[in-house]
Amino acid sequence: MSRQHPVVAIDGPTASGKSTVARAVADRLGLKHIDTGAMYRSVALASMRRSVDLRDDAALTALAASLAIEFRPAPGGDRIVVDGEDVTEAIRAPEVSTAASIVSAVPGVRVALVARQQALGAAGGIVMEGRDIGTVVFPNAEVKVFLGASLEARTRRRHDELRARGVDADLDEVRRQEAERDARDETRSHSPLRPADDAVILDTTLLTLEQVVAAIVQLVRERSDVV
Ligand code: DC
């Protein structure tokens, strides 16, 4: 980490717009982008496919430690490749979202994935998004942003996103699932979702994507030598 190669940590709850924002900031500043949620989703998908019991912490921990999870740069955004298989679309299924939220509460899974995230970002020059990047993975990040949005705004975004992918989701059901995942992420005993003390908190409910991206780009320029 340095002023030439900063770490930009972007955290926030589900459907806060983190991924779109993080990717846009990374593109604009020529930094790498890592979506750590994709790693928890990859462990969840593998556990479902291998019929690993979601209550079996030891088996989930072993899985998290052994999977080969790669981010392969591609024109439309990184492809997520797990043990050689492209799972980019498969990890976005609603069942995987629920399983990822359960899997990510397992301490051993977090320890295994946090170590990988620290290795991926060790050289800096990276925008990393998740729930605990500013608090646990990179507590010394040059820039920490916590994105928030009202449950209603996030429900609408998730609903739109699901429909765009051809999933016919019920709005009330999406709201219920979002609230349930938030509650689980915020109340787990290991690394609960919370803003770092020194994070800049941006409420995106009434902001456009461009406004959010511009605000973060300006912060990065103020706190690093990236232009
Ligand atoms: O951001 P996402 O919806 O793709 O994340 C999937 C799940 O993984 C979500 O329930 C929260 C969890 N997660 C986490 O606990 N820590 C991270 N750094 C990233 C995601």
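Just so it is clear, the values below take in all heavy atoms, side chains as well, and ignore hydrogens, waters and symmetry mates. Whatever order the structure lists ligands and atoms in, that order sets their numbers, starting from 1.
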Salt bridge check, [Y] against [X]: does any charged N sit closer than 4.0 Å to a carboxylate O?
| X | Y | value |
| --- | --- | --- |
| Glu161 | Arg157 | no |
| Arg49 | Glu95 | no |
| Glu186 | Arg194 | no |

Between Arg154 and Thr14, is there a side-chain heavy-atom distance shorter than 4.5 Å?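 With C-beta onward as the side chain, the pair touches.
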
Can you tell if the side chain of Ser101 reaches within under 4.5 Å of the side chain of Asp185, non-hydrogen atoms only? yes

If you count only heavy atoms, which residues are under 4.0 Å from ligand 1?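 Around ligand 1, where the cutoff is 4.0 Å for heavy atoms, the contacting residues are Lys18, Thr36, Gly37, Tyr40, Arg41, Arg92, Ala100, Ser101, Ser104, Arg110, Gly130, Arg131, Asp132, Arg181, Asp185, Arg188.
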
Rounded to the nearest 0.5 Å, how far does CD1 of Ile80 lie from CD of Glu70?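 Taking CD in Glu70 and CD1 in Ile80, the distance rounds to 10.0 Å.
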
